[in-house]
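To find a chain, count down the sequence lines: A is the first, B the second, and so on, and within it residues start at 1.
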Amino acid sequence: MPIPIQKTFTYSVTDEEYNFLKKGMRVAVSFGKTKLFTGLVFNIHQKAPILYEAKDIHQILDDKPLVNEHQLKHWQWIANYYICALGDVFRASLPSAFLLESETIVYKNEAFINENELEDDEFLIFEALQHQSQLTIHQVADILGKKKVMPIVNELIKKSAIYIQEKIYEQYKPKLVKYVRLHSDYTSDDSLNSLLEDLSRAKKQRVAVLTFFQLSTSKKPIKAKDLETTANVSSAVLKSLVDKNIFEFYEIQTDRINFKGDTNTLKTLNEFQEKAYSEIKETFTKKDVTLLHGITSSGKTEIYTKLIQEVLDDGKQVLFLLPEIALTTQIITRLQFYFGEQISVFHSKYSMNERVEVWNNVLENKTKAQIILGARSSIFLPFSNLGLIVVDEEHETSYKQFEPSPRYNARDAAIVLSKMHQAKILLGSATPSLESYFNAQQNKYGFVVLNRRFNNVQLPKIELIDVKEKHKKKEMKGHFSDRLLKLIQEALDEKEQVILFQNRRGYSPIVECKTCGVAPQCPNCDVSLTFHKFRHELRCHYCSYQRAMPNSCSACGSNTLDTKGFGTEQIELELKELFPDYKIGRMDLDTTRGKFGYQKIIGAFEAREIDVLVGTQMLSKGLDFDNVTLVGILNADTMLNFPDFRAHERAYQMMVQVSGRAGRNKKQGNVAIQTYNPYHQILQQVSTTNYTEMYKEQLQERWQFKYPPYYRLIKITLKHRDYNKVDSGVNWLFKALYASFGEHVLGPTAPAVSRIRNQYIKNIVIKIPPKQSLANTKNQVAKIKNTFEAVKDFRPIRFIMDVDAY
DNA sequence: AGCACGCCGACT
DNA sequence: GTCGGCGTGCTC
Ligand SMILES: [Zn+2]
Ligand SMILES: [Zn+2]
């Protein structure tokens, strides 16, 4: 069942159903008192339960399995590894349209006449049913303006005034395209001639018929829409031709997303790519997982495409994973250029219907689903025959899902998936995660390096600018040092483009009182509200709270409320003053609103309509701009001082990735990093792009402070509306865990946002030493969890476990 | 998770 | 007195 319960549920089936059903088919079953749910057949057996009587199933929903055995195995691994219910994985895997749920519908009993038997509320419902043939329970609640309506509904049923039924609605709507063909009466030539004569007076209709014949020469089915536009007639004209039995309409089910265009042969690899390629092939003979460490702009994608082509030629499917934000039109187009319609994209932005179609195409192993280019959740698609998985930007933290359960890491789950298919998996990155690099060094993974940029473009020159010094010498203008301004001017003089990065942290647009410094807070969460300029209101990021922008400060009453814009907005303003003759663009949550907002800015920048683009990290993912020669990082320090054991690793990755945007063409690019701390080891390592040094140093620290990749982490989060409850709960839990794991338990701590949606939050982290068994540790934690939940006071506290919580 | 059931405080 | 809030237990 698609619910967070550990057990499976047993239903009884008839002989006929028994013979028909297969694992992985969906069945509608009654679950609980009334509800119909979508369950998935997990096992078919003949051991009738003794302690209870199994219910019959309601209906079989599929005629062949929707989920295959590889997936069922994979789900079990995820549920077991990430400590969640199989139902959680089930729910996360399937597009929601596949998970039908019933709704209770109320109907009037036509034979009922004793209206005067009814109480006021009962009569209200009965009367509503005179006007509307059916009501949902929700509608009933609305009519009565009450929350508890079931007693009243039940009373009405007892009096035989109404009856109820559980209805399931199909959510997936196939897209049907209307086509036109000639009615069967008119297939002979004679009839056709007389037809045109008949239409001599109906001019438009005649045109429509003639156009139809013209279009028919291509022997392809003719869409009604196409006929209308080509013949320049309205749909009414076609309709009347159908009414006259001259044409007839028919419908064909079509996919919502289809590729149209040509494909091209693969580019030949340069000698360095070729070398890396053959090394990967070589490692694949010994290892199933290989890490490709290829510097930015080294042409990793071409290597991937060559590997993909080979797997396709072998008749196998390919999964190409990318972080959500890197799944841009640019990369999609680039792959479609080679593989055309063999690629399907899978995205969280896809509609439910689109996802269903991709799912079905993968399930049926259709031509158009040979390569799946997808984000995190595409690991759940029903692959039957995977030959290769590519995980690009392997280091990206967005591969980890945090909320809701299952809290899986798609890269790691993909490695397991590849094992199940006996497929190969390639992890690629210019800045590998420490854990993957470590695995490669330990010889667990194959390892291939590509350290030459494509077209032999040099790595950019990276310069650290000491902002403290600049301030002292009064060489700062707002956020800019004179040196950075000079570099910008030089680039602009050469008609080149510039990207400037501003870290997002601490720069969301909030409102603050100038008199007392108080910022309006969310009433449900422990955060300041953010200001949304376009609607002039205040909103909370964590819950859906919103309110109009107040006129005066709620704390001191003065009307000195000041709106602080995005950090990027401030930078943009400064730039407009400093470079009035150039076009300045800005990319942040504010300007990328709307469906095409993002694409519009990127498009304008690509078309060189924008000279300087200011943005957050979102700019650095999955985009190539060939005219950018300067990249500036305005404040490197915020990243370095972040309290997280991975802060330094991430800062390195982010800065190197961002630097990679500079000088993708012939000319060597420049990167300028402004910092208060130019001697920070990470900045030094960034400035020389010295990954190995960063790796060694960070690894040393991880060992010293007992962090991954040496130690594993399990994070436990407790949530409850009552602060004291969480607090005493978390202290109890800490003591219990400490008794088992001693100093390897950290906490308890409150997260940066310690209350969300009126739920107080506390964390505890358990570190698992290299030699300690993960399975045993999980069992011990599970035991402690059981004891915890046996305490009456703690039972209502939400207990969340997150394995590899980083 | 969702839902029914039952207990308890707070309003007409 | 009713209504809604919330803890409790259960789902084949
Ligand atoms: Zn909030
Ligand atoms: Zn104030």
Side-chain angles (χ1 to χ4, degrees), chain A residues 1-14 17-18 21 23 25-60 79 83-94 96 99-106 119-122 124 136-138 140-155 157-158 164 166 168 403-407 524 719-726 728-729 757-760 786 788-801:
Chain A
M1 304 303 299
I3 43 176
I5 302 179
Q6 292 300 336
K7 338 174 236 194
T8 53
F9 291 80
T10 307
Y11 287 82
S12 80
V13 292
T14 63
E17 288 165 338
Y18 181 88
L21 279 172
K23 285 184 194 179
M25 285 182 180
R26 290 172 308 148
V27 284
V29 292
S30 119
F31 190 72
K33 265 211 146 148
T34 49
K35 284 265 132 151
L36 288 175
F37 265 76
T38 307
L40 196 79
V41 179
F42 188 68
N43 195 7
I44 308 168
H45 59 84
Q46 309 233 22
K47 300 180 286 278
I50 320 155
L51 295 170
Y52 56 89
E53 200 180 340
K55 282 186 187 173
D56 292 338
I57 61 166
H58 179 263
Q59 196 190 345
I60 299 174
I83 323 182
C84 67
L86 201 54
D88 281 332
V89 191
F90 174 25
R91 169 145 257 152
S93 299
L94 291 177
S96 61
L99 291 171
L100 313 170
E101 269 177 44
S102 71
E103 197 170 20
T104 312
I105 309 285
V106 179
E119 306 284 325
D120 290 357
D121 277 351
E122 294 167 14
L124 230 59
T136 64
I137 292 294
H138 266 281
V140 170
D142 283 348
I143 291 167
L144 298 181
K146 282 186 188 170
K147 292 213 169 150
K148 278 183 184 165
V149 293
M150 279 320 279
I152 299 160
V153 171
N154 286 331
E155 192 57 32
I157 296 169
K158 223 166 89 190
I164 55 173
E166 290 294 313
I168 333 178
E403 204 63 52
S405 173
R407 300 176 171 79
N524 312 317
K719 288 188 185 177
H720 194 268
R721 158 171 43 84
D722 179 353
Y723 178 81
N724 292 323
K725 227 187 204 23
V726 203
S728 55
R757 293 171 186 271
N758 281 320
Q759 301 263 309
Y760 290 90
N786 284 339
F788 179 85
E789 283 171 345
V791 181
K792 205 168 181 281
D793 253 14
F794 299 155
R795 261 166 72 180
I797 301 177
R798 281 246 296 153
F799 194 114
I800 298 165
M801 287 205 255

Crowding at CD, A:Glu53 (>12 non-hydrogen neighbours, <6.0 Å): no
Distance in angstrom units between A:Glu403 CD and B:dA1 P, rounded: 10 Å
Between P on C:dT11 and CD on A:Glu101, what's the gap in Å once rounded to a whole number? 19 Å
Any side-chain to backbone donor/acceptor pair from A:Tyr11 onto A:Ser30? Under 3.5 Å, distance only. yes
Using heavy atoms to find the nearest nucleotide of DNA chain C for A:Asp121 and A:Phe31 separately, return the residue whose nucleotide is more 5′. A:Asp121
Backbone of A:Phe794 reached by a side-chain donor or acceptor of A:Lys725 within 3.5 Å: no
Do A:Tyr11 side-chain and C:dC12 base share a donor-acceptor contact under 3.5 Å? no
Check whether any side-chain nitrogen or oxygen of A:Lys146 sits under 4.0 Å from OP1 or OP2 of C:dC3, and answer yes or no. yes
Straight-line distance of A:Lys55 NZ to A:Thr10 OG1, nearest 0.5 Å: 13.0 Å
First encountered from the 5' end of DNA chain B, between A:Arg798 and A:Asn154: A:Arg798
Which label fits A:Phe799 and A:Phe788: parallel for a plane angle under 30°, tilted from 30 to 60°, or perpendicular past 60°? perpendicular
Could you state the atom-to-atom distance from CD1 of A:Ile3 to C1' of C:dT11 in whole Å? 7 Å
Of C:dG5, C:dC12, B:dA1, the nucleotide closest to the side chain of A:Phe9 is C:dC12
Nucleic acid contacts of residues 33-48 of chain A, taken as heavy-atom distances under 4.0 Å to DNA chain B: A:Lys33, A:Lys35
Select base, sugar-phosphate, or nothing to describe what A:Ile5 touches, counting heavy atoms under 4.0 Å on all strands. base
State, to 0.1 Å, how close A:Gly729 and A:Ile797 come at their nearest heavy-atom pair, and which atoms those are. CA-CD1, 4.2 Å
Could you go through nucleotides 9-12 of chain B and list every protein N or O atom that sits under 3.5 Å from one of its N or O atoms, giving the distance for each pair?
none

About how many Å separate CG of A:Asn154 and CD of A:Glu122, when rounded to the nearest 0.5 Å? 10.5 Å
Does the side chain of A:Phe37 reach to within under 4.5 Å of the side chain of A:Glu101, using non-hydrogen atoms? yes
Distance, rounded to the nearest Å, where A:Lys7 contributes NZ and C:dT11 contributes C1': 7 Å
Candidates C:dC12, B:dA4, C:dG5 - which lies nearest the side chain of A:Lys147: C:dG5
Counting neighbours of CG on A:Asp120 that are heavy atoms of other residues, nucleotides or ligands and sit closer than 6.0 Å, is the number greater than 12? no
A:Glu119 and A:Lys158 ion-paired at < 4.0 Å: no
Atom pairs under 3.5 Å, N or O on each side, protein against nucleotides 6-10 of chain C: can you list them with distances?
residue: C:dG7; atom: OP2; partner: A:Arg721; partner atom: NH2; Å: 3.1
residue: C:dT8; atom: OP1; partner: A:Lys792; partner atom: NZ; Å: 3.1
residue: C:dG9; atom: OP2; partner: A:Arg795; partner atom: NH2; Å: 2.4

Do any N or O atoms from the side chain of A:Arg721 and from the backbone of A:Asn758 form a donor-acceptor pair under 3.5 angstrom? no
